[in-house]
Amino acid sequence: MIEKGKISSFQLAMLMYIAISATAILLAPSMMAKHAERDLWLSPIWASSAGFFCVYVAHRLNKLHPRSTPIEYSASILGKLPGKIVGLVFLFFYLHITSTMLKEYGEFVVGIYFTRTPMVVILGSMAFVCALTVHGGLEVLARVTQFFLPMLVFFMILIILLSIPDFDTRNLFPFMRHGIVPSIRGAAPPLIWFSEFMIVAFLLPFVSDRDKGMKFSIVTVLAVLLTIVMANISALLLFGNILDTLVYPMMETAKYISIADFLEHMESIVMAIWVAGAFLKISVFFYVLVLGTAQWIGLSDYRPLAFPIGFLLVAFSMWSFPTLPAIAHFIEFPAFFYFVTIHILIPVALWLMAAIRRGKSPGEREMST
């Protein structure tokens, strides 16, 4: 295979957790609050169904093609030319989405801290570090995640715990004042994040203990769900009706913390969480893009593509969206159909076609495997 390294199911779970939750906890609460209002903590519960479904479909496809990624088995299922077209759609999607993540990071860093630093410098430095990680391979990426993830989780929980004295439980009520519909409408933004679990399909061929992959993947969906719910409830208890007006609720939460006039101004911790989380998330999607491109072209090694594609990501991120509000608008509405098409509809179509080509229904195929 083109990737010689191997990771465990536990490492896969850590990669997926940080790849999904890194940006969700910073941006999702205010997006959900615009539609769900006080019921925003329910929205990720409805949206998590997409995560479970994507994990299931990814593992079913891997059962049929255990040593191949979607770029490779698209051609096996659909034929060479249609498969290449589908592979190109995947690659353009990940190029666009990864460059958007890079721009989100740049807008946050420049807008909050480095206001006089040219955007291209911020974007270029992050793309370079991510390219180094991707060039090192999947095992390096997994070990870097193992190093950073415990610290990120610890500091995120610390910020929530330190903000508890300022919580106002009255902000939770009235519960479901307008019924269940607002919370379902608010599920659109988190559904986008949960649909990203489909990248499991690109990593499963390199998991050494794939028999445990489904269990760890489901646990990861639950962990991401719990993380987003916690972030939503803490933001709601702290800000109430004004939550939907905030761009970065987690940053504002850190500003609220003040214990004995000694422990305060915790924004630097949020900055560290965001930078490290964004680095890991971009690296995971960057790796999928580089690996998929090498497989689509037919190269024997993906590493030479890391830095050229990194340069391309910087260029796309400068062109794609002018401001953070434009990215937020994209996530709130157009991205829903974009992600559902690429991460749900196309994989489901591939799964059904694979089952049909083998002369069995999907249910029969599952029983035989």
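Tyr94 and Phe90 have parallel rings, their planes meeting at less than 30° on a 0 to 90° scale where 60° marks the start of perpendicular. Ring geometry for Phe93 versus Tyr338: interplanar angle over 60°, hence perpendicular rather than tilted (30 to 60°). The aromatic rings of Phe92 and Phe316 stand perpendicular to each other, their planes meeting at an angle above 60°, with 30° marking the opposite boundary.
A 4.5 Å side-chain heavy-atom check between Thr341 and Val89 finds every atom pair outside the cut-off. Contact annotation: the side chain of Tyr287 never approaches that of Val140 to less than 4.5 Å [non-hydrogen atoms, C-beta and beyond]. Using a 4.5 Å cut-off on side-chain heavy atoms (C-beta onward), Val314 and Val120 make contact. Side-chain atoms of Leu352 and Val348, non-hydrogen and from C-beta on, do get closer than 4.5 Å to each other. When side chains are defined from C-beta on, Phe197 does not count as touching Ser217, because their heavy atoms never get closer than 4.5 Å. Between Val224 and Ile228, some side-chain heavy-atom pair lies under the 4.5 Å cut-off. Counting only heavy atoms from C-beta outward, the side chains of Val290 and Arg303 never approach each other to under 4.5 Å.
In this structure, Arg60 forms a cation-pi arrangement with Tyr56, its terminal cationic atom sitting closer than 6.0 Å to the ring centre and no more than 45° off the ring axis.
Side-chain contact check for Thr145 and Gln11: no donor-acceptor pair (N or O, by modelled atom type) lies under 3.5 Å. For the residue pair Ser76 / His65, no side-chain donor-acceptor distance below 3.5 Å is found, with atom types taken as modelled. A donor and an acceptor atom, one from each side chain of Ser9 and Asp209, are located under 3.5 Å apart.
Within the structure, side chain to side chain donor-acceptor pair (under 3.5 Å) contacts touching residues 119-138 (residues at least two apart or in different chains) do not occur.
Ion pair Lys281/Glu196 flagged as a salt bridge, since at least one NZ, NE, NH1 or NH2 atom sits closer than 4.0 Å to an Asp/Glu carboxylate oxygen.
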Residues 40-47 side chain polar contacts: donor-acceptor under 3.5 Å, at least two apart:
| from | atom 1 | to | atom 2 | distance (Å) |
| --- | --- | --- | --- | --- |
| Ser43 | OG | Ser183 | O | 2.7 |
| Trp46 | NE1 | Ser183 | OG | 3.0 |

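No more than 12 heavy-atom neighbours from other residues, nucleotides or ligands sit within 6.0 angstrom of NZ on Lys212.
Residues that satisfy the ring pair (Phe, Tyr, Trp, His ring centres under 6.0 Å) test with Phe279, not counting sequence neighbours, are absent from this structure.
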